[in-house]
Structures are given as structure tokens and as C-alpha cells.
Amino acid sequence: MTDTNWPEADLDSVRRLRIMAATVPGAVYAEDVLAVPFGAVWAVAADLENEFPHLLTDVRAMRVTRADGDRLEARARGRFGQRARFDVVLRPGWCWMQSRFLVGGMAAVAEADRTRFAFMGALRVPGARLVHPLSHALGDSPGSGVVRRVAERASARAARTS
């Protein structure tokens, strides 16, 4: 016998990313409510080729090489010449990226005229969880810088369009 009144729980994009970050060993996670509308925030976050290198200081260039609906393939080049191919899922309010050695995501949810935005990233290598405490040793989470740069770039974009 099945109970048709079983409760359901829907998770918004930010909550889903928070759960995924909690399950990935050594993940860096940051979240904040930005005083910028969702449209401006997501326009920055979803612009992988033009904006992503400004958000993540280790990325010098990102190029989308294939797109099939919300599934993308992208190639990134790092600050020191390292290269990676990423499988990407990009939807409004949700971005999940995986390469051989890295995994990361961004999520956004509108909250009235503001936006709750989150970023997570992690290495996919043995011992990655050991790097996590070191990444916080010098102060804020490295993800906090990404969230701050999204807010700055989204604010500038919103000011240009108003």
C-alpha cells in the first residue's frame, strides 16, 4: 500500500549546491545575499566565456566548445598554462562543472529584489580534503572572493542597463 500523501521537499538551486558541497571532500563553499536582481547576477554567472575568467582568478580563459541544450563542453586555460576540459550543465540559476581534476558549481535564487548566490569548488584528487583547512588558513574562504566579484560585476552590469 502506498501513501499518496507522502510529504515532498523541493530544494532550490542554492540549497542543492550547499548539499553537494557538503558531500564533496575538501569543497570550498561560499554563499551570500547580493543586493542585485537575479537577472544581473545570473547574466554574469552564466557568461562562462567572458565573465568566468574575471570571477575565478586561476582561470585565464574559458571557451565553450559544444552546446546541446543545457549541456555544454568547455575548455579552460589556467593562469599557469594548465588546461582542462569541463562537462557543464547550465540552466537559469544553476551551473555545475566537472573536469578530470576539478568540480564546481554556482547557484542563484531570487529573493525579492536581491539574489542569494552560492559558489563551490573542489579538487577531484586523492587527499583533496587535506587542502580544505589550508585554503582557509589565510582568512576568508576562497569562494568568498568569487561571490564578491560576482556581486561587483553584476552591480556594474545592472547600472549599465538602467
Whether Arg60 and Asp58 form a salt bridge (side-chain N of Lys/Arg under 4.0 Å from carboxylate O of Asp/Glu) is what I want to check. no
Heavy-atom closest pair (Met106 atom, Ala45 atom, distance to 0.1 Å) is CE-O, 3.2 Å
Answer yes or no: is there an ion pair linking Arg15 with Asp10, defined by an N-O contact shorter than 4.0 Å? no
Nearest non-hydrogen partners of Tyr29 and Ala118, listed with the distance: OH-CB, 3.4 Å
Taking the side chain as every heavy atom from C-beta outward, state whether Arg71 and Val89 have any atom pair closer than 4.5 Å. yes
Partner set under salt bridge (charged side-chain N to carboxylate O under 4.0 Å, His left out) for Arg66, not counting sequence neighbours: Glu73
Is Val33 close to Phe117 at the side-chain level, that is, under 4.5 Å between some pair of heavy atoms? no
If you compare all heavy atoms of Ala151 against all heavy atoms of Leu34, which two are closest, and at what distance to 0.1 Å? CB-CD2, 3.8 Å
d(Glu31 CD, Arg116 CZ) to nearest 0.5 Å is 5.0 Å
For the student: nearest non-hydrogen atoms of Ala158 and Val36, plus distance: CB-CG1, 4.4 Å
About how many Å separate CG of Leu11 and CD1 of Ile19, when rounded to the nearest 0.5 Å? 4.5 Å
Does the side chain of Val44 reach to within under 4.5 Å of the side chain of Arg157, using non-hydrogen atoms? yes
Got a second to check how far Ser99's OG is from Arg83's CZ, nearest 0.5 Å? 14.5 Å
Is Met120 close to Trp96 at the side-chain level, that is, under 4.5 Å between some pair of heavy atoms? yes
Side chain proximity check, Leu123 to Phe101, heavy atoms < 4.5 angstrom: no
Could you grab the distance from atom CZ of Arg153 to atom CG of Leu55, nearest 0.5 Å is fine? 7.0 Å
When you measure from the side chain of Glu152 to the backbone N and O of Val150, does any donor-acceptor pair fall under 3.5 Å? no
For Val14 and Asp12, the nearest pair of non-hydrogen atoms, with its separation, is N-OD1, 3.1 Å
Note, Met62 side chain near Arg77 side chain (heavy atom, < 4.5 Å): no
For side chain to side chain contact (heavy atoms under 4.5 Å, CB included), just list the numbers for Thr115 and Val109, CA-CA rounded to whole Å, side-chain angles, deciding distance to a tenth of an Å, and then say yes or no. CA-CA 6 Å; Thr115 305; Val109 175; over 6 Å; no
Mind listing the closest non-hydrogen atom pair of Ala27 and Ala21 along with its distance? CB-O, 3.4 Å
Over 12 non-hydrogen atoms of neighbours within 6.0 angstrom of CZ in Arg149: yes
Would you give the length of the straight line joining atom CZ of Phe86 to atom CG of Leu48, rounded to the nearest 0.5 angstrom? 10.5 Å
Using a strict 4.0 Å threshold on nitrogen-to-oxygen distance, state whether Glu49 and Arg63 make a salt bridge. no
CG/Asp47 to CH2/Trp42 distance, rounded to the nearest 0.5 angstrom? 11.5 Å
Any Phe38 side-chain heavy atom under 4.5 Å of Asp113 side chain: no
Is there a path from Met97 to Val64 through hydrophobic residues (I, L, V, M, F, W, Y) whose side chains come within less than 4.5 Å of each other? yes
